[in-house]
There are 2 protein chains.
Amino acid sequence: MNTISYDIRGKIMNTYYLFFGNLANPLKIEIITELKKKPLSVLELAGKLKVEQSKLSHALCSLRNCSIVQVRQEGKKRIYELNKETIMPILEIIDRHENKFCSECKAEKSRRK
Amino acid sequence: MNTISYDIRGKIMNTYYLFFGNLANPLKIEIITELKKKPLSVLELAGKLKVEQSKLSHALCSLRNCSIVQVRQEGKKRIYELNKETIMPILEIIDRHENKFCSECKAEKSRRK
DNA sequence: ATATCATATGAAATAGTATTCATATGTTTA
DNA sequence: TAAACATATGAATACTATTTCATATGATAT
């Protein structure tokens with residue numbers, strides 16, 4: 001069930017790996033942070049994050065493939081919305097983890113800035 | 001707070017990114033799966049997963065840096081233990097996510113290039 | 001139907017991360 | 001303290017994922 005397996009082309013199939021792998025990217029974290037506030041179109045996101053449109057499209061595509069975001073058409077825009085049900089509790093767990101287990105790392109961080 | 005920042009050497013500092021990035025690796029998923037059952041030494045893990053020792057040491061080192069595992073010395077062995085408090089609920093959320101949102105993706109995945 | 005706006009896609013270039021291998025460090029036992 | 005065992009580390013290489021850029025597709029308004 002949670003073992004590593006491979007598809008016919010040798011690609012890894014494990015859900016956890018695909019899920020974490022999808023989120024292990026700074027731009028995607030920024031997208032999620034933005035979409036936590038409210039749903040946005042691609043160009044609206046591009047404006048807020050100051051990144052190129054096609055870069056966003058690629059990132060949104062993989063987030064969509066994992067159902068981390070969903071999209072709806074609105075005129076000629078495509079509005080991306082965060083699947084909060086999954087993401088929010090995970091981010092909260094990570095916040096608690098950081099506070100509980102990484103307090104020194106955080107001190108380390110602020111001392112360095 | 002949850003924005004992307006960089007340390008003095010240009011390394012990204014965001015917690016979520018570091019956390020997900022650390023887990024976005026098949027070997028680390030296998031390590032976690034093994035350590036869910038019980039704590040193990042490096043060589044015990046190497047035996048179970050059939051991977052080389054130094055490969056494991058590298059992987060365990062980064063898991064330790066994120067407090068996803070902790071280690072204790074026992075004779076000449078170092079016993080690695082999973083920090084279940086953080087990981088277990090996250091994996092459960094991902095399981096639910098997969099069941100609820102990715103029933104089609106599973107088919108999709110195998111079709112992917 | 002065409003022009004325009006909005007987004008997606010493919011492929012090559014690039015950046016980021018893991019693996020490998022040789023070797024170093026640490027711990028116990030004889 | 002030397003030998004054996006267990007693990008860690010650094011650096012080069014191999015891999016994989018992202019970025020970029022040119023272009024394609026889809027939607028709407030005229």
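A note on names: the letters A, B, ... follow the listed sequences, proteins ahead of strands, and every chain is numbered from 1. Remember, it's a predicted structure, so these values are computed and weren't measured experimentally.
Nearest to the side chain of K76(B), among dT19(C), dT28(C), dG26(D), sits dT28(C). Nearest nucleotide to the side chain of V42(B), out of dT18(D), dA18(C), dT7(D): dT7(D).
Residue Q53(B) places a side-chain atom within donor-acceptor reach of the base of dA8(D), judged by atom type and a 3.5 Å distance cut-off alone. Residue side chain H58(A) reaches the base of dT20(D) through a donor-acceptor N/O pair under 3.5 Å, judged by distance alone.
DNA chain D is contacted by both K55(B) and S62(A); K55(B) maps to the nucleotide lying nearer its 5′ end (nearest heavy atom per residue). Nucleotides of DNA chain C nearest to K77(A) and G75(B) differ in position, and the one nearer the 5' end is that of K77(A).
Heavy atoms only, all atoms of each residue included: Q73(A) and G75(A) are closest at NE2-O, 3.2 Å.
Counting any heavy atom pair closer than 4.0 Å across all strands shown, F20(A) reaches no nucleic acid atom. Residue-level contact check: Q73(A) touches the backbone only, with heavy atoms under 4.0 Å from sugar-phosphate atoms and none from bases. Base contact: S54(B) has a heavy atom under 4.0 Å from a base atom.
Using a 4.0 Å cut-off between charged side-chain N and carboxylate O, E34(B) and K36(B) make no salt bridge.
The separation between L60(A) atom CG and dT7(C) atom P is 10 Å, rounded to whole Å.
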